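Working notes for the structure below.
Bear in mind that the values here come from a model prediction, so they are computed numbers and not experimental data. Every number for a ligand or one of its atoms is a count from 1 in the order of the listing.
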Amino acid sequence: MCGIVGYIGSRQAYPIIIKGLKRLEYRGYDSAGIALIDGDLKVYKKKGKVAELEEILIGKDLQGNVGIGHTRWATHGEPSDRNAHPHISNSNNLSMIHNGIIENYVQIKNELLKNGYSFSSDTDTEVLLNFIEDIKENNNSTLEEALRFALKRIVGAYCILLIDKDDPQTIIAARKGSPLVIGIGKNEHFLASDASPIIEYTKEVVYVNDYEIAIVRADELILKNLGNEKQTPFITKLDMELAAIEKSGYDHFMLKEIFEQPQTIYDCLRGRLDAEKGTITMSGIQQYAEQIINANRIIMIACGTSWHAGLVAEYIFEELCRIPVEVEYASEFRYRNPVINKGDVIIAISQSGETADTLVAIETAKEQGAIILGVLNVVGSSIARKSHAGAYTHAGPEIGVASTKAFTAQLAVLTMIALKIARAKNTIDEERYFLLCKELMEIPDKVALVLKQNDNVKALAEKYKNADDFLYLGRGYNFAVALEGALKLKEISYIHAEGYPAAEMKHGPIALVDENLPVVFVATKDSYHQKIVSNMQEIKARKGKVISIITEGDVVSPTLSDDVIILPTADEIVAPMLSVIPLQLLAYYIGIAKGYDVDKPRNLAKSVTVE
Ligand code: M6R
């Protein structure tokens with residue numbers, strides 16, 4: 001959460017930073033700010049989105065070859081101008097931006113108040129900044145030394161960029177728990193929370209590790225650990241194109257990402273799955289295949305949409321591999337002292353690879369002897385670096401806050417892993433194995449067919465946009481899809497929505513049903529189809545509005561439905577990659593119809609890097 005950008009070199013820093021902030025805005029958009037040094041230290045900040053900051057900067061002095069910028073998702077202190085970053089130290093010499101949380105800031109603040117410091121915001125960041133300044137002044141130390149000392153004292157997570165009016169040739173950065181990438185140009189450096197603000201200028205980057213401090217000058221990058229020992233920067237070549245982070249003619253990233261799915265799923269399968277030969281090449285998984293086959297259980301750990309992918313995968317793994325699977329919310333798992341046995345296999349699922357709860361959960365499990373496999377989208381992310389092995393989803397940058405293409409790519413990867421393990425374990429017969437490989441390979445084309453329903457879904461959105469509540473029901477593999485559909489609607493259109501296993505309705509929620517309640521049935525043809533048709537009947541009998549997502553050839557469901565969306569036939573194991581698409585579109589078009597900013601829904605941020 002929060003996006004940070006920095007630049008040092010011979011160009012003007014402002015245009016680079018403001019563009020970078022726009023690219024990182026998905027990480028938080030409660031406020032934005034920028035600090036530049038050009039003789040003087042100039043700090044500008046504003047509540048709201050980056051565009052609002054830009055407006056107030058018209059006509060301002062924006063000169064400077066060194067600068068830092070921040071887009072905020074509020075943790076300490078409400079979204080406001082005064083709580084926006086960058087913050088300025090009491091001497092007016094230092095300025096800092098921060099992504100993370102300082103947990104012991106109250107104690108430090110009290111000490112600083114006793115030393116005569118005053119604060120103009122409610123943030124933990126301003127406390128850390130003045131703490132650094134206090135150490136520097138009292139010990140007559142350099143800024144770097146003071147920072148190192150301060151970081152040893154604080155508890156929490158951080159990625160910070162720090163500048164000093166008296167040393168305009170340097171940006172000092174540090175990270176623990178929150179990401180930091182440094183782009184290496186010709187006599188210039190770019191710093192950011194992820195590579196998207198950097199790729200336009202250079203493809204050579206260094207991913208800074210936890211507990212490292214970077215001293216960044218135009219022509220020099222020095223990395224040190226907290227013990228003041230120099231570290232060798234490991235330069236990585238970015239495998240990302242600028243077009244991947246632009247809207248390419250779509251109105252919103254969310255729509256672009258929904259429509260990219262035939263390609264992203266294909267990219268995820270390409271080079272791995274050969275349906276004709278029946279081979280699945282995944283070197284990271286292969287490396288740990290024995291341990292997975294012999295595992296007493298697999299634990300999927302994730303949050304939000306990624307958790308829903310884990311839930312679909314639970315059904316797939318248990319069915320195909322006959323290994324017990326538990327699906328855990330990372331935030332619950334990490335705090336409840338779970339029983340982890342040596343040899344347990346943990347699959348961490350995360351688009352960003354930066355979700356704080358997931359990261360800490362796997363660290364805890366790793367310490368206790370578990371094998372950690374990552375199913376991740378962002379290459380080089382923190383979870384990727386903490387995992388023993390895994391498989392990337394190759395969905396490309398996902399910028400819309402609502403996760404769409406990452407979900408289907410996660411399902412594609414998880415299905416391939418399950419198939420690979422099932423075959424090696426002999427828990428699937430060859431005929432079914434080959435059939436499922438073929439079914440999986442056909443998914444990109446079938447998703448393209450589902451997307452042709454775009455206008456039908458748009459019409460549905462218009463029809464139901466004023467509903468106050470929605471129910472989403474599914475069974476089996478489609479149960480998690482129902483949860484995902486409800487989550488999409490909540491976050492994009494702010495309509496209350498519940499996802500439920502269809503059969504559970506009778507145990508309470510059916511009391512909600514009346515003629516005003518739209519009930520979305522995810523009812524593609526599967527082993528439970530007859531059962532869900534009965535559930536449809538129960539809703540119809542109570543005058544609920546039934547919208548059903550069904551498979552072509554289903555003649556019964558339309559007779560019970562007010563509206564239907566028809567999907568191509570697919571095996572039930574791969575069907576969630578199809579059935580989720582209309583639900584993504586429905587949420588998108590209802591959000592649009594209600595006039596909301598679907599790429600940046602209120603109160604949310606793309607990467608949840610605080611617990
Ligand atoms: O980056 P991750 O996959 O770890 O993120 C997990 C959730 O924060 C994420 O899926 C969130 O629920 C999305 N906004 C849902 O659309």
Let me have the donor-acceptor pairs involving side chains of residues 412-420, under 3.5 Å, with sequence neighbours excluded, atom names and distances please.
residue: Thr415; atom: OG1; partner: Leu411; partner atom: O; Å: 2.6
residue: Lys420; atom: NZ; partner: Ile280; partner atom: O; Å: 2.8
residue: Lys420; atom: NZ; partner: Gln286; partner atom: OE1; Å: 2.8

Near ligand 1, at a heavy-atom separation below 4.0 Å: residues by chain and residue number
Cys303, Gly304, Thr305, Ser306, Ser350, Gln351, Ser352, Thr355, Val401, Ala402, Ser403, Leu487, Lys488, Glu491, Val608
Can you name the nearest heavy-atom pair linking Ser493 to Tyr596, along with the distance?
O-CE1, 3.2 Å
Tell me the side-chain hydrogen bond (donor to acceptor under 3.5 Å, both in side chains) pairs involving residues 360-370, sequence neighbours left out?
Glu363-Lys386
Under 6.0 Å from the NZ atom of Lys256, do we count more than 12 heavy atoms belonging to anything else shown?
yes
Backbone N or O of Thr393 within a donor-acceptor pair of the Gln410 side chain at under 3.5 Å?
no
For Tyr211, check ring pair (Phe, Tyr, Trp, His ring centres under 6.0 Å) against everything at least two apart and list the hits.
none
